Amino acid sequence: SLTGRPTGRPPGASAPRAPPPTALAMAAAVPSSRGNRLPGSGTAGGAPTAAAARRVITKAAAVLALAAPRALAFDFPKIDLPDVPSIESSTDSTNRPDLNTVGATVSETCSPQNLARYPSGWPTTLDWGIYWYGPNDQFKKATPRQQASLLDPTSWVDKGDGFDNATERWNSEFFDPSRNTVIYFHGWSGTGAWSTKECKRVTTKCDPNLCPNGGGDQLADPWLKQGWNVGFFYWDQFADEPCIRDAEQKLWFDRQGNGLRWASYNPGNNSLEWRQYEGSAQSVTDLCVTAVKEAMGDFYAGKTVRFVGRSIGSQLAVGCAAQLHEEKHVAAPQRMSLLDPFFTQKEFSFDFLGAGIRCGKVTSSTGIENFAQEATANYVKMLWLTHRVATEVFTTVDESTGLGTDTKANKDMQTYAVQVAYKPRWCTNSAEAQCKHRAVFPLYFLGKAVPPPPLVEESTGRMLSDYPKSCAVPAASCSDAQIRALVEEHVALVHQAEQGLLPTDKTVWNQVAGTDTFNLTDDTFSVAGGAQMAAVAPNAAIEKEVQNENAIVQRDWGMSRRWSLGPESGVSTVQLNRVLQIIGCIIVVPLIAFVTYRVGRMAMDKYANGESDEDDDEEEDSDVEASEGSSPLRKKGLMDEE
């Protein structure tokens, strides 16, 4: 079965992880072109080599992994990802830099001031996880928040974090569990724009090579002003590979089973070397899930969570979102925004910003073919069908995503995600190719500050939408409900086209005006069937589904919070107080009544005993008086007798 994830690492640093039993059985049934001996049975006499056996197993596992979601009616599977050859056997080492040599110069960005911002010791020491951003590009590493454990009843109630109020908490950590949250996932860091050796990380301050007029635009400010938490998930030391394919594969699996490798750079002697991650995570996606859980905790109460991924980071955003939903975590997102999503071509003959050639002599047999494409697109589809997670894709015109036009992955992505195409003609600097690929990154984040752009009729420029009130063009400033409405309408139109009721043209919101400026307020877009798109409104039934989603329900920390055993365990403070009140009524009130009764009874007994004692005293006094009164007579009688 391919529904269970690997739970451990095989012994030995170089031993590959054993493939799933079903994959082995299927591979055994596949005849070899070099003979009829089974994989692993030997190499003599033309029998298949170990590498050939792994290739057969890889293909079999990928087929089963991709078939599983369809067989399970889109129930999220836990896929055992296939094993592939090592880096050395799949990549031409002559095209790779010597990472252990000492260079001549150190980048200006490796200044003590810049490195002091990272107390972890980055980039020499491995530093991955979520950083929360504040104003003016300030950031702080996320600190682990309280987790609820089924076996620890004391963890079921939020213990607090020592802050008196939300403002004090946010000023200290740049995070408040009651706020909405957006988390950004960067892409490949081997291009030089952001790299370990340059001591550079993508931050909320726009780079001069990307934003015009010298850059410096504060990308997080529009979100912060509207009360959002802004987080960046950093995996740059894992993503800093000479070949983008090697970084992409880490998102899904540990290819050798001996730990994900990462780049360590020492600015002191300008040396760069590979090191192995010693943790139990089998992929960068696993690291992402862990980071989100720790950074946001089990007591998150914001109304919405949004994941934003760029380039191959889009695959990470989707995979991380799917696993969080599968595990029913409170921080599972309600919306995904994919900025120029990229997938390596199965033949690996592409040129990606002039860097694709560094993959060396690679063929589809040494990779996992279209696994990443199919898995990502299928997750997008399942997240919409099962959890109503809306996905929007923002691209630049003529930017290749690596999705083949005839693949099922491309069809699913076009069906279950709405796509917006920008034309950044304002990218005219020396790094124009890189600028165009990254342009949607600042455009999206800055777009939170302005209303969604107008929808117009392409031929006449006539405005079709109720600007600035409506959301007829997907944008960062649209609400989740508005994006869900656009996705729902888009899916319906695609299905109608499949039935022959509408033309089968690809539905994309294309930029019509504002292409020559970095200013977002002059942008307009058009789309086929624009008048119909301009009239869409949120569907009450779908919105009710969303409100009943496990992740949303868990964020209710009032009396209506649903409590159950499992990952979603936990009770609200309000519920705890009410339970304590009920316990008080059941135990304390009867106890008080009992004590009152006993005290009253004792008082009554004491009072009754007091009256009885007084009566006895009076009787004794009467007896004494009677005795004294009779004494003279008795004496007289005695005298008479004498």
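In this text, all values refer to a predicted model and were calculated from it rather than measured experimentally.
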request  = Compute both the distance and the angle, then confirm whether K140 meets the cation-pi test with F174: under 6.0 Å from the six-membered ring centre, within 45 degrees of the axis.
outcome  = yes
**Report entry** Geometric cation-pi criterion, R179 with W170: 6.0 Å, 45°
**Finding:** yes
For the residue pair [X] and [Y], what are the closest heavy atoms and their distance?
X: A331; Y: L324; value: O-CD1, 4.3 Å
X: T285; Y: L251; value: OG1-O, 2.6 Å
X: F518; Y: C211; value: CZ-SG, 3.6 Å

Measuring only between side-chain heavy atoms, which start at C-beta, is [X] closer than 4.5 Å to [Y]?
X: F394; Y: L443; result: no
X: D480; Y: R306; result: yes
X: D298; Y: H329; result: yes
X: S283; Y: D254; result: no
X: E392; Y: Q419; result: no
X: I312; Y: F343; result: no
X: F307; Y: V305; result: yes
X: P341; Y: T395; result: yes

Look at the side chain of [X] and the backbone N and O of [Y], then say whether any donor-acceptor pair between them is shorter than 3.5 Å.
X: Q226; Y: K448; result: yes
X: Q138; Y: P135; result: yes
X: Q482; Y: S479; result: yes
X: N180; Y: T304; result: yes
X: S172; Y: E168; result: no
X: E248; Y: T344; result: yes

Could [X] and [Y] be called an ion pair, given the rule that one side-chain N must be under 4.0 Å from one carboxylate O?
X: K141; Y: D127; value: yes
X: K328; Y: E549; value: no
X: E273; Y: R275; value: yes
X: D246; Y: R261; value: no

Are side-chain N/O atoms of [X] and [Y] paired as donor and acceptor at under 3.5 Å?
X: D236; Y: W122; value: yes
X: S311; Y: D340; value: no
X: Q237; Y: T196; value: no
X: Y265; Y: S271; value: no
X: K197; Y: N270; value: yes

Apply side-chain hydrogen bond (donor to acceptor under 3.5 Å, both in side chains) to the pair T181 and Y300, showing each step before the final yes or no. CA-CA 10 Å; T181 301; Y300 179 70; 3.0 Å; yes
Between [atom1] of [X] and [atom2] of [Y], what distance do you get to the nearest 0.5 Å?
X: W426; Y: C435; atom1: CH2; atom2: SG; answer: 4.5 Å
X: T386; Y: W384; atom1: OG1; atom2: CH2; answer: 11.0 Å
X: S314; Y: M336; atom1: OG; atom2: CE; answer: 9.5 Å
X: R310; Y: L316; atom1: CZ; atom2: CG; answer: 13.0 Å
X: T203; Y: F139; atom1: OG1; atom2: CZ; answer: 7.5 Å
X: E241; Y: Q249; atom1: CD; atom2: CD; answer: 9.5 Å

In terms of relative ring orientation, are [X] and [Y] parallel, tilted or perpendicular, with 30° and 60° separating the classes?
X: Y234; Y: Y133; value: tilted
X: F232; Y: Y184; value: tilted
X: F233; Y: F185; value: tilted
X: Y444; Y: W223; value: tilted

Check: What do you reckon, is NZ of K303 surrounded by more than 12 foreign heavy atoms closer than 6.0 Å?
Finding: no
